[in-house]
2 protein chains.
Amino acid sequence: MDAKKAEKIAKALSDPNRLMILKEFKKNKDCLYCCNLGDTISLAQPSISHHMKLLIDSELITSDKEGRNVKYALNNKMLDEYINFIKALKI
Amino acid sequence: MDAKKAEKIAKALSDPNRLMILKEFKKNKDCLYCCNLGDTISLAQPSISHHMKLLIDSELITSDKEGRNVKYALNNKMLDEYINFIKALKI
DNA sequence: TCGATTTATCGAAATGTTTCGATAAATAAA
DNA sequence: TTTATTTATCGAAACATTTCGATAAATCGA
């Protein structure tokens, strides 16, 4: 992973609402629909949509259109790659 | 590590200049003086000082006054703690 | 078909971050 | 003691991010 990608992921991970969204995946068997986030995240719908977009752009999650909904899933592979990047910073 | 701390670290890691600074520690046997960064990081001195402050505040590095200089060292422990935080996000 | 639901996008306001020049404080070196 | 070096801080400009209301597009249900 190059520094530019790591920077993008770090940015995605640097917001309390996005961290909360990522944690929600654990409670929902790895998949998630935006419309169910309203209860957990107290933000307007466009704001949640904005955060999802940043998470998708960073590839920390994937999105899959399912009829009227969009199904989001955590991308464990990208988390692993980012972990390796940070490990490489260590002395 | 709580979410607030993880957020602070992610923020510290989300800037290209700060990533470059962290990578410099590898080349310098874990310690570093600001005044030697000028060659690597093309920023004015107050900007470098600002980035060092954010890294110190996040506890990713430590600082130690040595006469006229300040010696900075990488805090591997904090990197490990952050790695564990990210691991915990995985499904 | 028609109304409700889900998500995305636009534009704007508020807030936060990055950068720099100017300046200050501390210490080393001459 | 005087000058140079190292780092921090202040204030301001430029830029980026977060948030929302309004609106649009797609699809589901009645």
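We name chains A, B, ... by the order of the sequence lines, and we start the count at 1 in each one.
- A salt bridge links K27(B) and E24(B); the closest N-O separation between the charged side-chain nitrogens and carboxylate oxygens is under 4.0 Å.
- Of the listed nucleotides (dA4(C), dA29(C), dT18(C)), dA4(C) has the atom at the smallest distance from the side chain of R68(A).
- Contact between Y82(A) and Y82(B) at its shortest, heavy atoms only, is CE2-CE2, 4.3 Å.
- In this structure, K11(B) places its NZ atom 9 Å from C1' of dT17(C), rounding to the nearest Å.
- Atom-to-atom, CG of L55(B) to C1' of dT18(C) comes out at 14 Å; the value is rounded to the nearest Å.
- Across the interface with DNA chain D, nearest-nucleotide mapping of K65(A) and D15(A) shows D15(A) to be the residue nearer the 5′ end.
- Two residues are said to be in side-chain contact when any heavy atoms from C-beta on lie closer than 4.5 Å; H51(A) and L37(A) fail this criterion.
- A nucleotide of DNA chain D counts as in contact with chain A when one of its atoms lies under 4.0 Å from a heavy atom; the first and last such, 5' to 3', are dT17(D) to dC28(D).
- Residues meeting the side-chain hydrogen bond (donor to acceptor under 3.5 Å, both in side chains) test with H50(B), sequence neighbours left out: none.
- Although no hydrogens or angles enter the test, the distance criterion places a donor-acceptor pair under 3.5 Å between the side chain of K26(B) and the main chain of A88(A).
- Between K53(B) atom NZ and dT17(C) atom C1' the separation is 14 Å, expressed in whole Å.
- Salt bridge absent: E59(A) and K8(A) never bring a charged side-chain N and a carboxylate O closer than 4.0 Å.
- Looking at residues 45-52 of chain B, you'll see Q45(B), P46(B), S49(B) sit with a heavy atom under 4.0 Å from some atom of DNA chain D.
- The minimum heavy-atom distance between F85(B) and A3(B), with the atom names listed, is CE1-CA, 4.2 Å.
- For the pair K8(B) NZ and dG16(C) P, the interatomic distance rounds to 14 Å; values are reported in whole Å.
- Between N69(B) and dA28(C) there is no side-chain N or O to OP1 or OP2 distance below 4.0 Å.
- Contact between N76(B) and I91(A) at its shortest, heavy atoms only, is OD1-N, 3.0 Å.
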